[in-house]
Peer 1: 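The following block contains the structure, expressed as C-alpha cells.
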Protein chains: 2
Amino acid sequence: MGTTRLESVPEPKYWHLKTVLSDALDSEFSVGQILPNERELAARFGVARATLRQALEQLELEGRLQRRRGVGTTVAPPRMGVAVADAGHAWPGTAADAWQSLDSTEEAPPAAVAHLLETAPDEPVHTVRRHRRTHGQPVAAESLYVPAGSVPGLAAIDAPAGQARARAVLRELQRLRLEGQDRSVELGSARADDAKQLDRLPGAPVLVVTTRYVADGRTAAVAVATYRADTCRLTFADPAGADVELLAV
Amino acid sequence: MGTTRLESVPEPKYWHLKTVLSDALDSEFSVGQILPNERELAARFGVARATLRQALEQLELEGRLQRRRGVGTTVAPPRMGVAVADAGHAWPGTAADAWQSLDSTEEAPPAAVAHLLETAPDEPVHTVRRHRRTHGQPVAAESLYVPAGSVPGLAAIDAPAGQARARAVLRELQRLRLEGQDRSVELGSARADDAKQLDRLPGAPVLVVTTRYVADGRTAAVAVATYRADTCRLTFADPAGADVELLAV
DNA sequence: GAGTGGTCTAGACCACCTC
DNA sequence: AGGTGGTCTAGACCACTCG
C-alpha cells in the first residue's frame with residue numbers, strides 16, 4: 001500500500017534550520033550576543049555539525065551572524081549603509097572622504113582592467129592601493145589604476161613607493177576635468193590580500209565595485225573596490241534628488 | 001630565539017584547488033563546455049568530494065561555473081551587464097523596459113519595507129510582482145510596494161488580481177511627478193518563490209536592489225528586486241556625465 | 001591549555017534530468 | 001535506469017584566540 005507521503009516536499013534540513021535560527025535571533029537574541037558553539041547547537045537540533053554549519057553560513061551571508069575563529073558566533077548588527085558615490089561625483093581622493101591611501105606602485109593591471117583602460121595587457125600603470133574604514137571597521141579595499149598617458153604630470157612623480165607617492169598620483173589625477181563615470185557591481189570572493197585588509201578569511205564574499213572615470217573623452221582611470229558583503233549595504237544617491245541625501249543611515 | 005616561521009601558511013586544499021581549476025578553465029575549457037562529474041574530479045585531484053565541492057562552490061559564486069542537478073557542471077559565460085537605472089530615472093513600467101508584470105495584490109509588506117514607506121507594519125499596500133529576462137534568461141524578480149495613500153486613483157482600481165491589475169497600478173503610479181530616487185545594493189539569498197522565478201535553488205546568492213521612489217516630498221513607492229548574483233553584473237550609468245556632455249557640446 | 005570556528009574525509013542516500 | 005549534483009552523517013585534525 002503506497003505510503004501516501006503527504007506533502008512530499010522534503011525541505012532540506014539546513015534550510016528549515018536556518019528559518020528556525022533566524023526566528024530565534026529575532027526574538028531571543030540581541031546584537032552582539034554570543035551564540036552557543038557549533039557542536040552544542042548541532043546536538044541541540046539533532047543534526048550533524050556540517051548541516052548546522054550550512055545554516056550558519058547562509059545566515060552569515062545575509063549579514064545576520066558574524067563568526068570568528070577562536071572566538072565564536074555572534075549576532076551581527078544591521079548592515080551599515082555605505083555611500084558609493086562621492087558627493088558631486090568627484091575624482092577619488094577629493095576632499096575628506098573616508099578613504100586612506102596606502103601606497104602606489106607601477107605594475108601591469110589585471111587583464112579585465114587593462115581591457116577597460118584600453119592599454120596593452122602587460123603595460124604597467126600607476127596603481128594606488130587604498131582602503132576605507134567606517135565606524136572603526138574596515139569595509140573596503142580598492143585598487144586605482146591610472147595609465148601614464150592619462151595624466152601628463154604623472155611621469156614627473158619621483159616620490160618612492162608609499163603613501164606620499166599615492167597622494168601625489170591622486171593629486172595629479174585631480175587636475176583633469178572629470179566628464180563622467182560609470183559603475184558596475186558584482187559578487188566576488190576576496191583575494192588573499194584584500195581579505196587581510198578586510199579582516200576576513202580569503203574567499204569571503206565581497207561586492208566588487210568597478211568604476212570607470214572618463215576625461216578627455218576617454219577612460220582616464222579605473223578603480224576596483226571590494227566591499228565586505230556581510231557588513232555592507234551599498235547606497236547610491238540619485239543626484240536629481242540631491243536634497244534628499246539623508247537616507248544613508 | 002623566536003622560531004622565525006617562514007611563511008608557515010598552509011593554504012587550504014579547496015583554495016589551492018580553486019586556483020588550479022580556475023587556470024584550467026581559462027586555458028583548457030570553453031564556454032558551455034561540460035566538466036567531468038564531481039566524483040571523477042575529486043578522484044583526479046585526490047581529495048574528498050566535499051572538498052572538491054567547496055572549490056566548485058567558490059567558482060560558481062564568482063560566475064565561472066554553472067551547476068545543475070541531474071545535468072552537470074558547465075563553464076559559464078561572462079556575466080552579463082544589467083542596467084539597473086531606467087534611462088531618465090523614470091517610474092517603473094515606463095516605456096518598453098525589460099520587465100514583465102505578473103500580478104498585483106494588496107498585502108502587508110515585509111517589515112523593512114513598511115519602515116521605508118513609513119506605514120504601519122500590518123497596513124496592506126498594493127504589491128506588484130514583476131520579473132525581468134535578458135537574452136532569454138531570467139535575471140531578476142521584483143516586488144513593488146505602493147501604499148494606497150501615495151496615489152489617489154489607486155482606490156478606484158477594480159481589476160481582479162492579475163496582470164491587468166498590475167498594469168493598472170503602474171499606470172496610476174506614473175501620474176505622479178517623480179522627484180528622485182535612491183538605491184541600495186546588498187547581498188542576500190533567494191527566498192523559495194524568488195528562487196523559482198530565477199530558475200535557481202532556494203538560498204542561491206542574489207543581489208538585492210532596494211529602490212525608494214520619492215514624490216510629493218515623501219516616499220511614494222519602494223521596489224525590492226533580487227538579481228541572480230551568479231550571472232549578473234549590475235551597471236549604473238552616471239547621469240551627471242550626461243549633463244556635462246551636453247554642456248560641452 | 002581549553003575552547004572556538006575552519007578544513008577534510010569516506011562514506012550514504014536523495015532529487016532531478018535524460019535517455 | 002543510470003548518471004548528475006544536492007544533502008547529510010560521524011567522525012578527525014588544524015588554526016586561531018584568550019585567559
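Since the structure is predicted, the reported quantities are computational estimates derived from the model, not experimental observations. By convention in this document, chain letters (A, B, ...) are assigned in the order of the sequence lines, proteins followed by strands, and residues within each chain are numbered from 1.
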Peer 1: Would you mind checking if A:E142 and A:R129 are paired as a salt bridge, meaning a charged N to carboxylate O distance below 4.0 Å?
Peer 2: no

Peer 1: Between B:S189 and A:E62, do the side chains contain an N or O donor and an N or O acceptor separated by less than 3.5 Å?
Peer 2: yes

Peer 1: Show which side-chain atoms of residues 34-41 of chain A pair as donor or acceptor with protein atoms under 3.5 Å away, not counting sequence neighbours.
Peer 2:
residue: A:N37; atom: OD1; partner: A:R39; partner atom: N; Å: 2.9
residue: A:N37; atom: OD1; partner: A:E40; partner atom: N; Å: 2.9
residue: A:E38; atom: OE1; partner: A:R49; partner atom: NE; Å: 3.0
residue: A:E38; atom: OE1; partner: A:R49; partner atom: NH2; Å: 3.0
residue: A:E38; atom: OE1; partner: A:R53; partner atom: NH1; Å: 3.2
residue: A:E38; atom: OE2; partner: A:R53; partner atom: NH1; Å: 3.0
residue: A:E38; atom: OE2; partner: A:R67; partner atom: NH1; Å: 3.2
residue: A:E40; atom: OE2; partner: A:R44; partner atom: NH2; Å: 2.8

Peer 1: Between protein and nucleotides 5-12 of chain C, map the contacts as a letter string: B base, S sugar-phosphate only, - none, heavy atoms under 4.0 Å, written 5' to 3'.
Peer 2: BBBSB--B

Peer 1: Looking at residues 187-194 of chain A, who's got a heavy atom less than 4.0 Å off DNA chain C?
Peer 2: none

Peer 1: Are B:K196 and B:D193 ion-paired here, with the side-chain N under 4.0 Å from a carboxylate O?
Peer 2: no

Peer 1: For B:Q197 and B:H131, which I'm curious about, is there any donor-acceptor pair between the side chains at under 3.5 Å?
Peer 2: yes

Peer 1: Ignoring hydrogens and angles, state whether a donor on the side chain of A:T51 or A:Q54 is under 3.5 Å from an acceptor on the partner side chain.
Peer 2: no

Peer 1: Do NZ/NE/NH1/NH2 and the carboxylate oxygens of A:R200 and A:E60 come within less than 4.0 Å?
Peer 2: yes

